[in-house]
Amino acid sequence: DAAGMRWIRERAEALLQLRCIEVNGQWDDFVRYVESRAAGPPSEGWTPIRLQAAKPSPLPSFGAKPPSKAA
């Protein structure tokens with residue numbers, strides 16, 4: 001929240017996911033999960049934690065009409 005700041009979709013999606021975790025009262029569970037995954041050296045089969053998808057999901061269009069095609 002500062003003048004001139006801009007959002008890109010990938011970072012906005014990650015922030016939205018974190019806000020959802022907080023609103024649903026799951027923040028402490030999430031922190032424990034991240035700490036358990038980050039503790040110690042990676043073991044065989046270990047995969048890095050990724051909060052956001054590689055490609056953002058399309059946003060829903062509630063009540064929006066599709067653009068009309070000119071005949």
ILVMFWY cluster, Ile21 and Leu16 together (side-chain gap under 4.5 Å)
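Unlinked, Ile21 and Leu16 end up in two clusters.
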Contact check, side chains of Asp29 and Tyr33, non-hydrogen atoms, under 4.5 Å:
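No - every pair of side-chain heavy atoms lies 4.5 Å or more apart.
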If you round to the nearest 0.5 Å, how far is CH2 of Trp27 from CZ of Arg19?
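Separation between the atoms: 11.0 Å.
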